[in-house]
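Lettering follows sequence order; numbering is per chain, from 1.
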4 protein chains.
Amino acid sequence: MAENTGVVFLGQNKVEVQSIDFPKMQNPAGKKINHGVILKVVSTNICGSDQHMVRGRTTAPTGMVLGHEITGEIIEKGSDVEYLDVGDLVTVPFNVACGRCRACREQNTDVCLNVNSTRAGGAYGYVDMGGWVGGQAEYVMVPYADFNLIKFPNKDQAMAKIKDLTMLTDILPTGFHGAITAGVQVGSIVYIAGAGPVGLAAAASAHILGAALVMIGDMNPERLKHAKSVGFIPIDLTQSDNLGDLIAAVVGKPEVDAAVDAVGFEAKAQGKDGEEAPATVLNSLMTVVRPAGGIGIPGLYVTEDPGAKEEASKTGNLKLRFGLGWAKSHRFSTGQTPTLKYNRQLMQAILHDRLPIAKIVNATVIPLSQAAEGYKAFDSGVAKKFVLDPHGLLGKAS
Amino acid sequence: MAENTGVVFLGQNKVEVQSIDFPKMQNPAGKKINHGVILKVVSTNICGSDQHMVRGRTTAPTGMVLGHEITGEIIEKGSDVEYLDVGDLVTVPFNVACGRCRACREQNTDVCLNVNSTRAGGAYGYVDMGGWVGGQAEYVMVPYADFNLIKFPNKDQAMAKIKDLTMLTDILPTGFHGAITAGVQVGSIVYIAGAGPVGLAAAASAHILGAALVMIGDMNPERLKHAKSVGFIPIDLTQSDNLGDLIAAVVGKPEVDAAVDAVGFEAKAQGKDGEEAPATVLNSLMTVVRPAGGIGIPGLYVTEDPGAKEEASKTGNLKLRFGLGWAKSHRFSTGQTPTLKYNRQLMQAILHDRLPIAKIVNATVIPLSQAAEGYKAFDSGVAKKFVLDPHGLLGKAS
Amino acid sequence: MAENTGVVFLGQNKVEVQSIDFPKMQNPAGKKINHGVILKVVSTNICGSDQHMVRGRTTAPTGMVLGHEITGEIIEKGSDVEYLDVGDLVTVPFNVACGRCRACREQNTDVCLNVNSTRAGGAYGYVDMGGWVGGQAEYVMVPYADFNLIKFPNKDQAMAKIKDLTMLTDILPTGFHGAITAGVQVGSIVYIAGAGPVGLAAAASAHILGAALVMIGDMNPERLKHAKSVGFIPIDLTQSDNLGDLIAAVVGKPEVDAAVDAVGFEAKAQGKDGEEAPATVLNSLMTVVRPAGGIGIPGLYVTEDPGAKEEASKTGNLKLRFGLGWAKSHRFSTGQTPTLKYNRQLMQAILHDRLPIAKIVNATVIPLSQAAEGYKAFDSGVAKKFVLDPHGLLGKAS
Amino acid sequence: MAENTGVVFLGQNKVEVQSIDFPKMQNPAGKKINHGVILKVVSTNICGSDQHMVRGRTTAPTGMVLGHEITGEIIEKGSDVEYLDVGDLVTVPFNVACGRCRACREQNTDVCLNVNSTRAGGAYGYVDMGGWVGGQAEYVMVPYADFNLIKFPNKDQAMAKIKDLTMLTDILPTGFHGAITAGVQVGSIVYIAGAGPVGLAAAASAHILGAALVMIGDMNPERLKHAKSVGFIPIDLTQSDNLGDLIAAVVGKPEVDAAVDAVGFEAKAQGKDGEEAPATVLNSLMTVVRPAGGIGIPGLYVTEDPGAKEEASKTGNLKLRFGLGWAKSHRFSTGQTPTLKYNRQLMQAILHDRLPIAKIVNATVIPLSQAAEGYKAFDSGVAKKFVLDPHGLLGKAS
């Protein structure tokens, strides 16, 4: 049991599955902890934000073990873990959180004040997020386990839906946070920018929140086709640089009740020959969101972007048409999702067959050993969400 | 056009369709108004609260024209009506509201301060609600039309869904208000007390709000059977006087996240030989709602109940086990729904095929001339919601 | 340091300061814990809910150490306590909470699911609240310390305001929760039932929330006089059995925007010769709260009341005029306060001189050794809030 | 009575009091209306946003009558006005609103959909806001009077506080909206950017909302001195270009709970030789607002700014360091205030002596005839809020 294997970042566009250390019950500063558990990883997904690092858009150090979307079984627990047991199957929020600071007490686990010495908020296997070892691996350590983890009520039932439940770790609550902060309600007309996994999760969230109609825009024909096949209205952004026109063609007027930016800083200008244009998504959303409407922004915007083409973007500056948003009394909500605020209720929705998220994001299971191929395929824009299966348990399950 | 026909209350258990006055552009005090419209009634439903009056549980005067669930076409408008036109097909909230007082400005149209001289809140054709003439008729007058009415965007599309849209006037927003104030969210486990039309509407509302599971309790086998046939879990209250046991049999523990009382003061004691026991629903809900949970109470409780069997109940007193609710930090939300707060979004959900409310409440169209039979059948507890069709337009539509 | 002294309940109307065990790092089940701290108690208040036990209105066992309003200095900490240190001066919420269950994660620490095996919610030194040893003592153990405790930023500054800060443990957040759940906002006209310490804290809370006018009703002339002296409008309930008349005499109409029940189940009927009448406060509040208004109910209602005079009340039943509340669309919020949701912000208000709560509740410091006299005086209805000073530190401070 | 006088915009930096038309009961399209009233203007204030027009930063047409901050007495009413009477003293929200559209029904009167044919939202005497005649005049017409107007309960009491109550029309609810949307709560540490009238109103709002500490930053020494004299902590932005340092000097760390941008698009770069730099305020606020905190933005940002120095700014583009806000999970709330959502409660606070806004903004009464001098003095940055007194009623009142 003292062996481990994981996905290691080795520099721009290079990841490799290598032998790595078996998890220790200690925090990144090397202090022994009793509140952690060690998990045998049952599933762990590749995330679009992993891609940001792998593409070299961040300052991620080589040698880092990747992976922050983790579901697993407890194989060892610290002496302070009181409400979980060895053998429990649990979902891990991607945000590492202490459960003891003001932010965690107020349900803002995305900006926990204690788990990262350089800024608020921590994550596993992620640059600048506290140095917690990633979980695209056979085994991983999760601190503050009683606070962070949610146990699935029934293990067999959970394994039968594991491709759905694995989405609880990040993209489903990320999309849900986007929809919630955009103000999606029963009967809303909603537009989601971006048909990647987060966009699809936002669309699924809008749907279960009761949205009347969910449109989802992208320039990738495969992703649009998939979005349509799971019930959303595709908006092909290559057809016009005027988002309002495309929306009006569907709903009769160039206006939606709420919108979600599931793209972020790597946005490309809308229209046929899209160049990178970081503010293009937000600026287009302001043109279509109704007066007094909200814009949820789960798409990642970074403080430093060394790989940006525009000079201003390198320090996280965007040329926003803020005056337009102001004239329409828009509300902009940003940041990572506080996963723990939503994952219990989303788990319930999945377990009771209300939220077929695996189908919606096209969950595709591959062995851990094929992680590099998964990263490559995902980067190419396929309409798939890759789920790594370190112990071959998912093949059996599904 | 100067003739009219409507359902008139003639005393306990007696209603009759009679010739009545054609609507006038004046308020109940006889003052001429310019903000009203006259509607040709397209559909108008029989409501459980109409039954309270007809059963003699209120002080409703004989001669009153009944009916507060009205959908219709504008055939005449006052000079101050600016944003509606003759020919528009509109939904009428059952609450008469001025749109000009503090309550209306704050979206509490259920307690409008101006339309009823004796208490807050008005309604059409209802005892103690301001004297506005009812709409179970061929024609009816609606005041403050620009504020109160919502026009369906497309008349043909609306007529194709008129059996759903007719539920926007009362029971759908009433059930929705119950679910919202109970705190139903995505993933909630929900219990609805009462499988009549309001209970079914609350269940449908819980569903579109994303509830993981919706149970609905009653003692009427036909209603339970219907509830099951439209996708809810029936709870047969004749099987036990312990609601927790019945719920545990479904979800594994005697607890729900949120509950709705869709029964009200005419409740019968749970269990095989139910006697009337006004507090029985609320007391049972406190036993099953989780700590920190909410109870939405759209079911009607009255200030005076001359027909009550218990002495205390005659003045609206209930023997509530309030200490239990307090120990669990429950939140109780009462009162009529502010229809206008919800009907636009619910209309959107219906128009976009998200809320098949007609099927869920088993909407059953009958001619206005058969209203008396409808009242009788509804009183017998059939699993139907009767929709009166004064001009024979629905038969054609569906 | 291995010695300890505390207030022990010895049966109806009998408490005594006795030698008690020095706190152990274990939970009530006897299990060793590493997440606790031992505090040297700096101040600990006598609470009205202690009185309920001492008066024999509960099933509290003799021998129990009382006290749940605790402020102290850490003298020892478990190995899992990471963010607090020996020497820190901290405020202890009266609710014992694990920080790891659904309720705690959602800020409902009043109904923590893990700290009490018999129901949701725990407290120190209180009947049916989990068996945690009380803190009217020299030393006390606090579990889940990182989660439960808030450290005062500056010890000297805190000791200078210790008579105010000691109110953060219970009555101030209790009153604040009452005001918040009643819907008090900037400009509200507010009525508080009960001029004891919780009522005064609710009034102080309403004031800092921006209430335009705060009335406070009682039958005790000394308490009314004190309430007036600290800036609230006293309502003398012995002058009329019609609360609306008394309120109309102040504000011109018999109506308030929001009301707080700071009395609870031991209520006496309003008017000159008040008999105990448990529902009298709630019933009177329904007559005066505006339509669509809220009633916050921090006053304690119990599930069992063996000492009640009315038969129904013995099982926590109240004769509520619920139909009146329903007709006015009232919202009733019950239960203990989740202290941790509010104490940080209230601490900030105190430290920045915005909330002189010690003066408002007339904080009166006595030595721990005089606790019995304090209980007796408080029971007599004096307008004082007694603060016990186990180590003689407050005398020096103030 | 058929004569009238008002402040007319005559081109850049030129306003003049001239004879103007007496108000007509018609809307800007020339249609006769019955829902309006004609007011004898009792007080009407000069606003910072009037200055934007007068400085030539907008496309305001010459000949326009200015003024949107209006308090007055009804001298004539249309036939559809039911709940107001001639002689009533009323406060007029600066937003013209119909009370009949979705936005108005949902309390978003700032973006009423019916009163302006070119965009959402209307105002009196303002460019691009629907063409409603301004109220810096002796007489003015207010449409939809029952919906828009709030009557002061007692005329004498109101006249005694008229210098406070005149602030209800715009700046007080504008500042309040800023504080509310920033998330100011009891105990918050707050920073307000800009010590002009709106900034002072935001500070006053933060105070009555219970803020522990309110800082207010500016570069104008006179305004800072005044801010200090009315109880706020002045932050002299000429002392450093690092806002965090200035804040840390007051509160010990470079962080606040909530912040308000009361400056808008005409911002100058912080530090000694401030050049115009439209994004400087928002960018600096992101550096100091705590993770998960909110930024309220009542300061005006425009869609077109022909007078801007930066090219991008001419079309309302800002170079925002959005990545920083995103990393801290900030929430940005923009737009005009929906005055009617707040003015009733703020009126109550003023009438009950809780909100001395006239003193806080240094209300300075001048005759209507001296309006041009008032504009000039205000433009020079004096720490005064000018109140025009068209009929000489305020001199008598105060």
Side-chain angles (χ1 to χ4, degrees), chain A residues 101-103 106-113 119-121 128 177 181 257 261 264-265 278-279 282-283 286 290-305 308 312-338, chain D residues 101-103 106-113 119-121 128 177 181 257 261 264-265 278-279 282-283 286 290-305 308 312-338:
Chain A
C101 68
R102 174 185 179 185
E106 295 178 355
Q107 301 197 271
N108 300 127
T109 51
D110 52 315
V111 286
C112 170
L113 304 174
R119 46 158 284 194
D128 294 335
H177 188 57
T181 56
D257 291 315
D261 171 359
F265 76 108
L282 287 171
N283 284 339
M286 287 187 254
R290 76 182 181 90
I295 300 179
I297 311 175
L300 176 66
Y301 288 87
V302 292
T303 47
E304 310 291 335
D305 179 10
S313 305
K314 289 187 180 166
T315 52
N317 268 283
L318 296 189
K319 279 196 210 131
L320 278 186
R321 199 164 175 221
F322 199 70
L324 177 58
W326 199 94
K328 294 172 84 176
S329 296
H330 284 163
R331 189 182 60 254
F332 304 84
S333 298
T334 77
Q336 295 182 340
T337 187
Chain D
C101 69
R102 173 185 179 185
E106 296 179 353
Q107 301 199 272
N108 301 125
T109 50
D110 52 316
V111 286
C112 170
L113 303 174
R119 46 158 285 192
D128 293 334
H177 188 57
T181 56
D257 292 315
D261 171 358
F265 76 107
L282 286 171
N283 284 339
M286 287 187 252
R290 75 180 182 91
I295 301 179
I297 312 176
L300 175 65
Y301 288 87
V302 291
T303 46
E304 310 290 335
D305 179 11
S313 305
K314 288 184 180 168
T315 52
N317 269 283
L318 295 190
K319 280 196 210 129
L320 275 188
R321 198 162 175 223
F322 200 69
L324 177 58
W326 199 94
K328 296 173 82 175
S329 295
H330 284 162
R331 191 182 61 252
F332 303 84
S333 299
T334 76
Q336 294 182 342
T337 188

Highest number of heavy-atom pairs under 4.5 Å with chain A: which of D:Leu324, D:Asp128, D:Leu300?
D:Leu300
Is a side-chain donor or acceptor of A:Arg331 paired with a backbone partner of D:Arg331 at a separation under 3.5 angstrom?
no
With a 4.5 angstrom heavy-atom cut-off, which part of A:Phe265 approaches chain D: side chain, backbone, both or neither?
neither
Partners of A:His177 by ring pair (Phe, Tyr, Trp, His ring centres under 6.0 Å), sequence neighbours excluded?
A:Tyr342
For D:Asn317 and A:Phe322, what are the C-alpha separation, side-chain angles and deciding distance, and is it a side-chain contact (heavy atoms from CB on, under 4.5 Å)?
CA-CA 6 Å; D:Asn317 269 283; A:Phe322 199 70; over 6 Å; no
dist D:Leu318:CG -> A:Lys319:NZ (nearest 0.5 Å) comes out at 12.0 Å
Run the numbers on D:Arg102 and A:Arg290 for side-chain contact (heavy atoms from CB on, under 4.5 Å), then give the verdict.
CA-CA 11 Å; D:Arg102 173 185 179 185; A:Arg290 76 182 181 90; 3.2 Å; yes
Residue part contacting chain A, namely of D:Ala103, when any heavy atom lies under 4.5 Å
neither
Is the shortest side-chain heavy-atom distance between A:Trp326 and D:Ile297 below 4.5 Å?
yes
Is the shortest side-chain heavy-atom distance between A:His330 and D:Phe332 below 4.5 Å?
no
Give the minimum heavy-atom separation between D:Gly325 and A:Thr334, together with the two atoms involved.
O-OG1, 3.3 Å
Pairs flagged by side chain to side chain donor-acceptor pair (under 3.5 Å) wherever residues 293-304 of chain A is involved - sequence neighbours left out
A:Asp261-A:Tyr301, A:Glu304-D:Arg321
